[in-house]
Amino acid sequence: MTLFQRLVVMTMMVLFLALAGNLISGVWSVKEHLNRQLNTNAEDAARSLAISMNTALRENDKGSLETLLNAMFDGGEYLSIRVFSVDGRLLIEKIAEQNTSKVPVWFKSTILFTSITSEAEVSDGWQQYGRIFVTPNTEKSYLKLWNISSTMIVWVLMLMMVTLLMIVLFMRALLKPLSDMEHQANAISNRDFQTIPLPKARELRRVVMVMNGMAEKLGQLFSDQAEMTEQLREMSYRDSLTGLSNRRDFVAHFKSYLDPRQGCQSGALILIGVRAFDKFNQEHGTGKADELLVQISNQIKEFRKDHSKIVTARLKGAEFGIFIPDIDREYAFQVLQQLFKQISMLESVANQQDMLDRMHIGLGYFSDVGNQPIPSTGELISLADQALRRAQGRGRNCVLMLSMNDSKEADGVMGDQAWRSYLEQVMDRRAVKLLYQPVKQFGISSALDYEVLARTDYKDSLVTASLFWPMVERYQWTEAFDRLIITKAMSLMASQPKDLRLTINVSPKSLVSPKFVAWLKQIAHENKALSNRIVIEVSEYALHHDAEAMIKLSKELTDSGMHMAIDHFGASSGTFSYLNRIKVDHLKVDRSYIRDVHLSKDNQFYIRSLVQIAHNLDIKVYAEGVETEEEYQVLKSLGLDGAIGYLFGKPVGEPQ
């Protein structure tokens, strides 16, 4: 029983005893008054009859006696009236009939009236003619007392109800700070460092002030820890002038995508260079040079918003790098032209006469079409650098694209009708095949969590999502494919053990669609037994670019029974500040931090700091792309909760 309930019950018991005592005292007082009045009336009636009957008894006039007796008796106040002669002979009597009483028997047996038969002599001087006996009728007194008592009980009950309501409202207002402090304590345990209004009661006010101070200090401590970790990360992996990744961070992400085991089947490396930048710096000054670099970097950031999987960096001086994985050749050529057009329109480029032969872009492209091997990092950088140098050798500002497959310039745009037709057939036939890759839980022998991977069939082989998903996004079919994947995964779960969980990666474009979110909440409501075993995974890119929408979505999914997770954590910057506001099941550290983590102290420090912050928020941390035993052992020592990668198992057709 809560304190509020205890206080209300105790107060009502005291109030009940007080009102019950007043009620009993009041009823008893009324009863005594009625009892005295009853006997007094009987005495008065006896005396009055004795005077009135004097002449009638002396003359033995029975008719007059009858008349006088009836006049007194008909009022119903008396139970009996008897008149006796001097010698004791009964001359006349009246006895009331026994009528059915409206007063309950228990009431009569509880409250007893003491009725006394009154006696009076009928005489004239010293001459006595007879005696009169009057017995009062208690029925009317009982009825009157019952009516009074009933009214008093009703009023007491009404008073108790009104008082109870007032007590509840008063206690609720009085104890509201305690309830607020309870919610505040729960919120603090969930790392939500909120403060509450100060109450008016001095004692509670002091306690609330202490709680608010503690919440503010803990919140500041968490913010300082997250900010320090983010600053150290920025110092290690960010260019201070432009805010883009530095060469070190770029190469780490770049290498992770070119790993054949990660399923990246195509990609484009773009190098943007400003020729003779040192001369431009000397002629225009450091301010103008920095302004040029900042404008180019800002345009690259705007360009990045249209691509969920993209790595950007300032490599050195006035050279920038962009890597776009899982992109077809035709689209890469369009991207190259679009990017060059946007940069050429920048104020520092378009308004400077000496920039007409300084801005060049080279693109190196690869794909595994024709069983061509995925190039190494050095090979693709060399190809992109070759494209940039050739573009610079042409003189005026221009772009050039070289393909790894044929090392020739791309001079046109290929049609995409084949891709569109193929994907339409996949949707019509619902021909998406799901594979399941186990998630290794550290400290647990059997894998209970699996990540869902989508594949499609093409000429007796499986096409990975890294190849067909960019085309799905391009044709704006993400919602249809995500619905199909989630529906198929939930159908499989109906026949699986109840402790199995599936993590499904959903496109950010689907999750910002109100129709898709409404559909997701509806199927979660319709399949409550399955929904709490589904984890909807979104990339950190989505949180970085639309944080408020993702925070709202995480709360809606939690209310619906589903869970949410963040994939590729660390690929973007500035997401630490959102962790205490978003409800997520786990984070997956981007594989660029995992690759050769046993050789990088900086990556180990970053992961250890992330684990501490996440665990303080009751968020699990997983690693993605774990391929070697050395990486696995280091990750275990850093306190991670689990990992996924080929070291623990390849994708399979059904959870095992």
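We number each residue from 1, following the sequence as shown.
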### Message
As a test of understanding, state which of Glu624, Glu537, Glu540 forms a side-chain hydrogen bond (donor to acceptor under 3.5 Å, both in side chains) with His568.
### Response
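With His568 as partner, side-chain hydrogen bond (donor to acceptor under 3.5 Å, both in side chains) holds for just one option, Glu624.
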Can you give me the closest heavy-atom contact between [X] and [Y], atom names plus distance?
X	Y	value
Ile95	Ser80	CG1-CB, 4.1 Å
Tyr622	Gln441	OH-NE2, 3.0 Å
Tyr436	Pro655	CD1-CD, 3.6 Å
Val134	Ala45	CG1-CB, 4.3 Å
Ser141	Leu38	OG-CD1, 3.6 Å
Ala46	Ile132	O-CD1, 4.5 Å

### Query
At what distance, to the nearest 0.5 angstrom, does NZ of Lys94 lie from CZ of Arg82?
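Lys94 NZ to Arg82 CZ: 13.0 Å, rounded to 0.5 Å.
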### Task
First locate atom CE of Met53, then atom OH of Tyr129, and finally report the distance between them rounded to the nearest 0.5 Å.
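The OH atom of Tyr129 is 15.5 Å from CE of Met53, to the nearest 0.5 Å.
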### Flag, side chain of Thr487 to backbone of Leu484, donor-acceptor distance under 3.5 Å
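Answer holds: no.
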N/O donor-acceptor pairs under 3.5 Å from side chains in residues 149-166, not counting sequence neighbours:
unit_1: Ser149; atom_1: OG; unit_2: Leu145; atom_2: O; d: 2.8
unit_1: Ser150; atom_1: OG; unit_2: Trp146; atom_2: O; d: 2.8
unit_1: Thr151; atom_1: OG1; unit_2: Asn147; atom_2: O; d: 2.9
unit_1: Thr163; atom_1: OG1; unit_2: Leu159; atom_2: O; d: 2.5

### Task
Determine the sole option in Ile523, Ile504, Leu557 for which the side chain to side chain contact (heavy atoms under 4.5 Å, CB included) test with Ile534 is passed.
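The side chain to side chain contact (heavy atoms under 4.5 Å, CB included) with Ile534 is passed solely by Ile504 among Ile523, Ile504, Leu557.
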Are [X] and [Y] packed together at the side-chain level, in the sense that at least one heavy-atom pair is separated by less than 4.5 angstrom?
X	Y	value
Val589	Val621	yes
Phe569	Val584	no
Asn39	Pro136	yes

### Task
Flag yes if more than 12 heavy atoms outside Lys620 fall under 6.0 Å of its NZ atom; otherwise flag no.
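Check passes, neighbour count above 12.
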